[in-house]
Student: 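Here it is, the structure, as structure tokens.
Numbering starts at 1 and runs along the sequence shown. Quick note: numbers below take in every heavy atom, side chains included, and nothing from hydrogens, waters or symmetry partners. None of these values were measured; they are calculated from a predicted model.
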Amino acid sequence: MEQVHVIRHKYANEGQSIRQIARQLGIHRGTVRKYLEQSEPQRVEKGARGEPVMAVVGPRIDSLMREWRNRTGGKHRITSPRVHRQLIEEGFSVGERTVRKYLSEKRRQAS
């Protein structure tokens, strides 16, 4: 908050330009403009992002895990590349990293 007052003082009382103030304080010119325009700067926090892909793919991964549970054993494991490959063959558009993250979370919850 002190920086806002310093910026306003330099602009209004000392007559410095926005570019000079930005250079002196080491901040972006857009930030200086924003502080001059707003009566009091506020922090804008965004909400959590949704996971639209997992809403579609998640149930299918769970069903694959149930189907493959009997077929795998010993060295044969249900791996994220294998599940990802199966989902791509079925026409889903999902990244392998997303599948890996989902499987690791499911394994963590199971233990």
Side-chain angles (χ1 to χ4, degrees):
M1 286 308 243
E2 289 183 22
Q3 195 173 31
V4 176
H5 301 298
V6 170
I7 290 171
R8 289 183 179 162
H9 177 78
K10 287 181 179 285
Y11 186 76
N13 297 345
E14 297 177 15
Q16 292 185 4
S17 70
I18 292 175
R19 182 175 284 179
Q20 287 175 329
I21 296 170
R23 192 176 303 130
Q24 283 179 0
L25 298 177
I27 57 177
H28 196 270
R29 293 190 315 264
T31 306
V32 174
R33 271 194 202 89
K34 181 174 72 173
Y35 286 170
L36 291 174
E37 290 172 359
Q38 295 178 353
S39 60
E40 187 166 323
Q42 299 173 358
R43 183 178 180 97
V44 177
E45 295 191 21
K46 298 178 181 177
R49 291 178 58 187
E51 296 180 337
V53 173
M54 290 315 299
V56 176
V57 176
R60 181 60 186 142
I61 293 175
D62 292 336
S63 66
L64 283 175
M65 296 287 285
R66 283 191 301 273
E67 290 173 18
W68 291 356
R69 188 166 296 148
N70 298 332
R71 294 191 315 180
T72 59
K75 290 185 176 181
H76 299 284
R77 305 256 179 203
I78 301 173
T79 62
S80 57
R82 187 177 290 171
V83 173
H84 177 256
R85 197 175 321 119
Q86 180 67 31
L87 290 171
I88 295 299
E89 288 174 5
E90 292 178 7
F92 291 102
S93 176
V94 63
E96 185 179 344
R97 180 68 188 133
T98 306
V99 173
R100 183 179 305 137
K101 196 165 92 175
Y102 183 81
L103 287 175
S104 65
E105 181 63 26
K106 284 292 186 181
R107 288 180 183 129
R108 188 186 67 79
Q109 289 175 357
S111 351

Student: The test is salt bridge (charged side-chain N to carboxylate O under 4.0 Å, His left out); show your working for Arg33 and Glu37 and say whether it passes.
Tutor: CA-CA 6 Å; Arg33 271 194 202 89; Glu37 290 172 359; 5.9 Å; no

Student: Supply the atom-to-atom distance Arg66 CZ to Ile78 CD1, rounded to the nearest 0.5 angstrom.
Tutor: 11.5 Å

Student: Is there side-chain contact between Met54 and Ile61, with at least one heavy-atom pair below 4.5 Å?
Tutor: yes

Student: Can you find a heavy atom in the side chain of Leu25 that is under 4.5 Å from one in the side chain of Val32?
Tutor: no

Student: Taking side-chain contact (heavy atoms from CB on, under 4.5 Å) as the criterion, tell me which of Leu64, Asp62, Val56 meets it with Arg60.
Tutor: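 The single option meeting the side-chain contact (heavy atoms from CB on, under 4.5 Å) with Arg60 is Leu64.
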
Student: Is the OH atom of Tyr11 crowded by more than 12 outside heavy atoms at less than 6.0 Å?
Tutor: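 Count not over threshold, so no.
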
Student: Ignoring hydrogens, what is the shortest heavy-atom contact between Ile21 and Ile7? Give both atom names and the distance.
Tutor: CD1-O, 3.9 Å

Student: His28 and Ala22: which non-hydrogen atoms are nearest, and at how many Å?
Tutor: C-CB, 4.2 Å

Student: Could you tell me whether Glu51 atom CD has more than 12 heavy atoms of other residues or ligands within 6.0 Å of it?
Tutor: no

Student: Might you work through the side chain to side chain contact (heavy atoms under 4.5 Å, CB included) test for Gln3 and Ile27, ending with a clear yes or no?
Tutor: CA-CA 10 Å; Gln3 195 173 31; Ile27 57 177; 3.7 Å; yes

Student: Does Arg69 have any salt bridge (charged side-chain N to carboxylate O under 4.0 Å, His left out) partners at least two apart in sequence or in another chain, and if so, which?
Tutor: none

Student: Which of these, Gln16, His5, Gln20, sits in a side-chain contact (heavy atoms from CB on, under 4.5 Å) with Lys10?
Tutor: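 Going through the options one by one, the only one that passes is Gln16.
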
Student: Strictly distance-based, threshold 3.5 Å: is any side-chain N or O of Arg100 a donor or acceptor partner for the main-chain N or O of His84?
Tutor: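 The answer is no, because no donor-acceptor pair under 3.5 Å joins these two groups.
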
Student: Looking at residues at least two apart in the chain, or sitting in another chain, which of them share a side-chain contact (heavy atoms from CB on, under 4.5 Å) with Arg23?
Tutor: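 Checked Arg23 against side-chain contact (heavy atoms from CB on, under 4.5 Å); matches are Arg19.
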
Student: Return the CD to CH2 distance between Gln86 and Trp68, rounded to the nearest 0.5 Å.
Tutor: 5.0 Å

Student: If two hydrophobic side chains count as joined below 4.5 Å and joins carry through other members, does Ile88 share a cluster with Val53?
Tutor: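 Cluster IDs for Ile88 and Val53 differ.
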
